[in-house]
Amino acid sequence: MADRRRISVTINGDTYEREVETRLLLSDFIRHECELTGTHVGCEHGVCGACTILLDGITARSCLMLAVQADGHELLTIEGIAPNEDELHPLQQAFMDNHGLQCGYCTPGMLTTLLEFLRDNPDPTEQEVRIAISGNLCRCTGYQGIVDAALDAAGRLRAEAGA
Amino acid sequence: MGAKAMGARVRRMEDPELLTGRATFTDDIHLPGMLEAAFVRSTEAHARIRGIDKAAAESMPGVFTVVTAADLPPGLRTVRVPFQVPNPAITQPFQQRLLEDEEVCFVGEAIAMVLAETRYQAEDAAAAVEIDYEILPTASDCRDALAEGAGLCHAGSENNLCAEFKLGYGDAAGAFANAEHVFEAALWSHRGAGLAVENRAVVAEPDSLRDVVTLWSATQSPFLVKQNVVDMLDWPSDRLRVIAPEVGGGFGPKTVYYVEEALIPLCAMTFDRPIKWIEDRRENFVATNQERDQYWDMALACDGEGKILAVRGAMIHDTGAYMPWGIISPYISATTVPGPYVVPAYELTTRVALTNKVAVTPVRGAGRPQAVFAMERLLDRAADGLGIDRAEIRRRNFIPADAMPYSFGLIFRDGKPMTYDSGDYPRCQAEALALADYDGFADRRKTAEAAGRHVGIGIANFVEGTGLGPFEGATVRVHANGRITVYTGGGDSGQGHWTTLAQLCAEPLGVDPSDIAVEVGDTGKIANGIGTFASRIAVNAGNSVHLAATSVREKAIKVASHLLEAAEEDLDIEDGRIFVKGVPEVSTTLRDVARAVRGMPGFSLPGGVEPGLESTEYFSPPQAAYCNGTAVVEVEVDPDTGHVEILNYAMAHDSGNLINPFIVDGQVHGACAHGIGNTLLEWMGYDDDAQPVTTNFADYVLPSAPGVPRIDVVHVESPTPNNPLGVKGAGEGGTIPALAAIVAAVEDALSPFGVALDDVPILPGRLAALVADARARAG
């Protein structure tokens, strides 16, 4: 019989207690056990970056972690970025205003990666942005809209912080 | 008229759902009692199956059943994928079975499907299914495959040649016999994959009470999926509804139909359980179609001024083990060669080879990048040989703008004579050269050389038949609550159809695009459809929406003239209100008109109109709309490491009138990035036994943000006269000239070493080796 453990994970402020198989990937736990399907899975070997989430504020590939490793930790996923149902976060708004997404499949990983990056680098250069998202694959945009969105968001977030 | 929506940079209405994680992709669908599927796929490129032992797998925890060909209903055991696009040139149209239990012909071919309570259990059991293979000889490289005595892709067939055709016009032999100059090139474009970040995905939900199945599939073409599933399973067409929900990228491979899309609804009906299958990345590398392996032996005849007299040659196209899409890709290649140039005579022999690899069907560009690579390499050879500037030789050969419409004697893939409808090719190149500051390059090169750096510049032009028929349709419906919905058949995989089609609907109805909902890719919502491929939605669906919305407007005005007792010509529509011009208080609304034409029991409809404030139109284009463009690329190459840095990427693009430049720019950027990947990084490797050797994102490298430069785009707008909106397709143009322009730039940068480049991709290791060889030769 598969080994099972009881875990408790906080995602976007809500606590999820579940008994899971020890081999269950964190990405599958988030998507299929907690039904937060905004986090996407594109390769399951840690390269495409679509499944990137924030674990205690640090980016992590949820396809390269087991759910049991997240026991007791706090996660942020794409569903938890906007301040409320009707409003977008400045980063999300910047993606919309700069055509930073087409199919939207890589978007959850782009947003979480950039949230962390812009928090730590509020005034980045274009090249720094490109390097920051170099571990996230997008086949649609050629990255241009994403890079523009990140730079635009940095400006908006700086303005917000200054206000 | 109301909002001026056509041509506006409208923000995408798709975005909020996608940005907040609320959008529904296929794998986001959870249904009660759902089984999960995992496939047992051939690990051999070519083998006879001596036995399948599934006993151990079937007794494993959570396993519901393991399905092999023997478990299928008798009539479906040997049924093959319908041959979708026949052509008399095809002599051996091999197609795949639902599940194979006799002879597997590529690594990845489906042998068994495990159904279990969880995906984890299904994968455990799939690993426990034992297949006894008798290894057979293989066909791997398509040139070797056509040689005498080659290993056969399909045992028992005569050879690996499955199609051969000759295209051309004019007296090429005569032109070559008398030409002052002949330049030759032997070229190779290698296989790549579409690699949408979302893999393929299928969910089927049976309804035994009503004897119907709903199938969600991550497909570009829900109507083609439906057509093929019902044909293959011999079902009545109303048993199946296919929905393409949010689709995480397509790029061609999700256009065609795959056996999983029939097996899963079939088993869902048989076992009366919903079933989900999500392709994993490795499966995507071995079981989702790919494209681009072609070998070209080409020659160009010209006079002393570089004027083209004729082009001729031969091409070998690798089609993989099966050909569900016939010879569409190589046929498009063959017809793309002359491009924007006056080519008085042309002759190409194409041979299509079967190899033990996953099938070849169109990937973004669809046979055109290879053809443009061939033509543009020839022109570069001629320019270099004659000492003419590479831009100048193209200028001397362009079809002039005043020659439009222009025919030259080829038949395109739509069966119609190739007639370029509109375009200004000289201007397009001039715009791209200006954007790239081509004239300033000589100075930039001098500066670079002084610093010991190697920079180069490359140019490529293309013409692309877009917006192919047969048709796409649209229903525009004003509901009784005043809300407006557009329904169309082609799915969306990132193109922004909601926004674009809402813009087209908004204008005749005098409302804002944000007032309109758009539902795409659902066979339950409109009677007929095709799909999103071949850069065809703007032309086909776009014009259908325009026509349907215009017809709804006319109907609304007619009914309103009865309700308001005013003449139709005195009425106008704005912000959802229909009013008498100059007397805006005499008005009604689209909502009230929609209610009026629902009808009242016992009374006639106002104005004798048909019921419902709605219209369905199917636009069928008379021929392809020919998009064109020019790429000018400047690179720096490190001759020691083979690293290529793109310094400047300029693209002039003419896709006719633009519906939404914001979205078209994004399409061009993404398409260029795809071409950059194809040229510098992406190599789908197979060994001599046709065993794939690059089946993950570490071995097969996609472009990432630091390797893709900012793309500068300038739009030239030459509207086509062949559809009411004057639009052409825009989804693939960026990819098509990329290979040729980048390779030319890299070769130019390495001109001090005399390195000739004839192949793509040019991976760093190979490039460094070529430089090292050239240095050794030079002593």
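Protein chains get the first letters and strands the later ones, always in sequence-line order, with residue 1 at the start of each.
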Contact origin within B:Val247 toward chain A - heavy atom pairs under 4.5 Å = backbone
ask   = Between the main-chain N or O of B:Leu19 and the side-chain N or O of A:Gln92, is there a donor-acceptor pair closer than 3.5 Å?
value = yes
task = Give me the contact list for residues 42-58 of chain A versus chain B, heavy atoms only, anything under 4.5 Å, ordered by residue number.
result = A:Gly42, A:Cys43, A:Glu44, A:His45, A:Val47, A:Cys48, A:Ala50
task = Return yes if some donor-acceptor pair links the side-chain N/O of A:Tyr143 with the main-chain N/O of B:Pro703 below 3.5 Å, else return no.
result = yes
inquiry  = Is A:Leu36 close to chain B through its backbone or its side chain, or both, or neither, when contacts mean heavy atoms under 4.5 Å?
reply    = neither
query = Which bit of B:Asp124 comes within less than 4.5 Å of chain A, counting heavy atoms only: side chain, backbone, both or neither?
reply = side chain
query = Between A:Glu126 and chain B, which part of the residue has a heavy atom less than 4.5 Å away: side chain, backbone, both or neither?
reply = side chain
key: Neighbours of chain B found in residues 64-72 of chain A - heavy atoms under 4.5 Å   = none
key: Proximity breakdown for B:Thr20 and chain A, heavy-atom pairs closer than 4.5 Å   = both
Side chain / backbone / both / neither for A:Ile146 at chain B, heavy atoms under 4.5 Å = neither
ask   = Does the side chain of B:Asp15 reach to within under 4.5 Å of the side chain of A:Phe95, using non-hydrogen atoms?
value = no
ask   = For chain B, which residues of residues 98-108 of chain A have at least one non-hydrogen atom nearer than 4.5 Å to it?
value = A:Asn98, A:His99, A:Leu101, A:Gln102, A:Cys103, A:Gly104, A:Tyr105, A:Thr107
query = Does some side-chain heavy atom of B:Arg710 sit less than 4.5 Å from a side-chain heavy atom of A:Val147?
reply = yes
key: Heavy-atom pair count under 4.5 Å with chain B, highest-scoring of A:Val41, A:Ile78, A:Leu25, A:Leu111   = A:Ile78
key: Residue pair A:Arg130 / B:Ala705: nearest heavy atoms and the distance that separates them   = NH1-O, 2.8 Å
message = Out of B:Arg364, B:Arg119, B:Glu682, return the one with the most heavy atom pairs under 4.5 angstrom to chain A.
response = B:Glu682
inquiry  = Heavy-atom pairs under 4.5 Å with chain A - which of B:Asp280, B:Asp665, B:Asp492, B:Ile663 has more of them than the others?
reply    = B:Ile663
task = Name the region of B:Phe25, side chain, backbone, both or neither, that has any atom closer than 4.5 Å to a heavy atom of chain A.
result = side chain
message = Check B:Arg12 with A:Asp97, please: is the shortest side-chain N to carboxylate O separation under 4.0 Å?
response = no
key: Residues of residues 5-21 of chain A contacting chain B, heavy-atom criterion under 4.5 Å, by residue number   = none
note = NE2 (B:His669) and CD (A:Gln144) are apart, to the nearest 0.5 Å, by 4.0 Å
task = Step by step, work out the side chain to side chain contact (heavy atoms under 4.5 Å, CB included) result for B:Leu195 and A:Arg139.
result = CA-CA 8 Å; B:Leu195 296 173; A:Arg139 191 61 148 168; 4.3 Å; yes
key: Pairs of heavy atoms under 4.5 Å with chain A: top-ranked of B:Val668, B:Asn696, B:Ile278   = B:Asn696
message = Can you give me the closest heavy-atom contact between B:Ala673 and A:Gly142, atom names plus distance?
response = CB-CA, 3.5 Å
key: Residue, of B:Thr118, B:Leu702, B:Asp27, that accumulates the most heavy atom pairs under 4.5 Å with chain A   = B:Asp27
request  = Enter the distance from A:Leu137:CG to B:Phe697:CZ here, rounded to the nearest 0.5 Å.
outcome  = 6.0 Å
Interface moiety of B:Glu279 toward chain A, non-hydrogen atoms closer than 4.5 Å = neither
message = Please identify which of these residues, A:Arg31, A:His32, A:Glu35, meets the side chain to side chain donor-acceptor pair (under 3.5 Å) condition with B:His30.
response = A:His32
message = Heavy-atom cut-off 4.5 Å, strictly under: side chain, backbone, both or neither for A:Leu88 against chain B?
response = side chain
remark   = Turns out that what part of B:Asn284 lies under 4.5 Å from chain A's heavy atoms comes down to neither
message = Does A:Glu79 form a salt bridge (charged side-chain N to carboxylate O under 4.0 Å, His left out) with B:Arg22? I'd like the steps, not just the answer.
response = CA-CA 8 Å; A:Glu79 290 92 343; B:Arg22 292 194 295 247; over 6 Å; no
